[in-house]
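Contents: one structure, followed by commentary.
The model shown is predicted, which means the values in this text are computed figures rather than measured ones. Every number for a ligand or one of its atoms is a count from 1 in the order of the listing. In what follows, residues are counted from 1 in the order of the sequence shown.
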Amino acid sequence: MRQEQKFFGSFFRERTAFYIGSEIYRRSTYGGKHPLAVPRVSTTTDLCRAMGWLPDDVFVEAPMATDAQVTRFHHPDYIAALRRAEASQTVSDEDRTRFRIGADGNPIFAEIYRRPMTGAGGILRAAALCADGGIVFCPGGGTHHGRPDRAAGFCYLNDPVLGILALLDQGLFRIAYLDIDAHHGDGVQDAFHHDKRVLTLSIHESGRWPRTGAAADRAGGMARNFPVPQGFNDTEMRHLMDHAVLPMIDQFRPQAIFLQCGADALEEDPLSRLALSNNAHIAVVEAVMTRAPRLLVTGGGGYNPYTVARCWAAVWATLNHIPIPSHTTPAAGAVLRGLTYNRAAGRNPPAHWFDSLRDAPREGMVRPEITALAAAALKDA
Ligand SMILES: [Zn+2]
């Protein structure tokens, strides 16, 4: 294994990482009061460009997926309903009830069909780009709650599932999916419930929506869940990675790793009560980079535009072995200063949201429930 990691390590140093983006994220919003009213992907892209980290030759415009590509997983009636909702900007009672569009926090918005189809097209492009090995970052992806026939948790389509299916289509048969979003990666786990080719690992806040992903839930053996308590810190993340997640990934010997790198487990995120700094996300990226010849990294949740964009820009730097400087460039600072954030914290943003990309580390005690989670995951593995 050590030999293999050394090989992948040198392999990755010579490979270019690709960044998949789209201008659709700049103008699209879920609506004024929705947590996804904030710009995230476009801010990340602007920030990476302003730092000088995103030359044109590694930026790939996400194409829209075709209906045929997404009906591999999603029901054709559901895709047709999304198309109808975009065209009419309204939804029938029947479509709302059946597909949860315009319900449960899944609003009707201007790009309700094109935006998720762009997310899906982006991940399919990402899977193709790393067919022979490599790294692709797709910050618009990571919609891990999407179901075959309904919207869930602000997710309309499930791009991680579509991306993993594309990797399986390439003939790969050991794919590790690691989800560090604050919410359980339920849609992905359920999609591969019976598939021995896909190992799904999810670290998420205990007791938070969708309230699935208990430690005992192993989905037929190919899932491990780490429901962590409020206040989960960087030290605890490192403990789970070193004592459970990474040993499991090494044992599985994945041909590809899919990292759902949601940014809502950061301390300053309004939708969770976890307390990570973005150093935790950077460390997870560094750890998975040397463990498989193919790496797909997506975004996911994240509802504070400052902390999301700083985190994902730092992730992109890490994927490119770029050292993260202690201060943002003036142009990058201007990108961050240009944001508006209609929450209490946004009225008086702290200076480090503009001036730095890396957070101060949030180390702490490793609580007994964390050591117990790590130990339990390895039992009978
Ligand atoms: Zn989330």
Side-chain angles (χ1 to χ4, degrees), residues 25 29-31 33-41 43-44 100 104-107 115-116 119 123 137-147 150-161 163 177-191 200-214 217 223-233 236-237 240 245 258-278 280-281 284-285 296-312 315 341 343 345:
Y25 297 103
T29 164
Y30 276 36
K33 292 202 170 126
H34 195 281
L36 280 179
V38 299
R40 309 172 328 136
V41 179
T43 308
T44 304
R100 311 314 296 162
D104 310 339
N106 311 304
R115 176 167 161 163
I123 208 71
F137 183 41
C138 205
T143 53
H144 57 169
H145 301 304
R147 296 295 180 161
R150 65 186 159 89
F154 317 158
C155 304
Y156 297 85
L157 303 182
N158 196 312
D159 68 86
V161 169
Y177 172 80
L178 172 60
D179 187 320
I180 60 169
D181 191 279
H183 303 90
H184 177 225
D186 56 348
V188 186
Q189 177 181 307
D190 290 354
T200 62
L201 305 162
S202 179
I203 300 171
H204 47 268
E205 185 178 335
S206 175
R208 185 160 298 284
W209 188 94
R211 300 185 185 278
T212 50
D217 174 12
R224 289 293 184 282
N225 283 296
F226 303 90
V228 298
Q230 294 185 4
F232 182 60
N233 62 47
E236 291 177 323
M237 175 64 107
L240 279 188
V245 171
F258 192 120
L259 172 64
Q260 198 273 19
C261 196
D264 48 4
L266 292 169
E267 185 172 46
E268 290 142 321
D269 192 273
L271 260 58
S272 88
R273 296 266 178 96
L274 305 182
L276 297 179
S277 80
N278 60 25
H281 295 70
V284 169
V285 169
L296 266 67
V297 180
T298 65
Y303 306 95
N304 173 329
Y306 301 96
T307 59
V308 174
R310 289 168 66 249
C311 180
W312 291 349
V315 164
Y341 180 40
R343 280 185 177 259

Next on the checklist: For a distance under 2.8 Å, tell me if His204 has an N/O/S atom near the Zn ion (ligand 1).
Outcome noted: no

Next on the checklist: Ring centres under 6.0 Å, that's the criterion: do Trp209 and His204 meet it?
Outcome noted: no

Checklist entry - Centres of the Tyr177 and His144 rings: under 6.0 Å? => result no

Checklist entry - Using 4.0 Å as the upper bound for N to carboxylate O, is an ion pair formed by Asp190 and Arg147? => result yes

Next on the checklist: Salt bridge or not between Arg150 and Asp104? Use side-chain N to carboxylate O under 4.0 Å.
Outcome noted: no

Could you identify the N, O or S atom of [X] positioned closest to the Zn ion (ligand 1)?
X: His183; answer: ND1
X: Asp181; answer: OD1
X: Asp264; answer: OD2

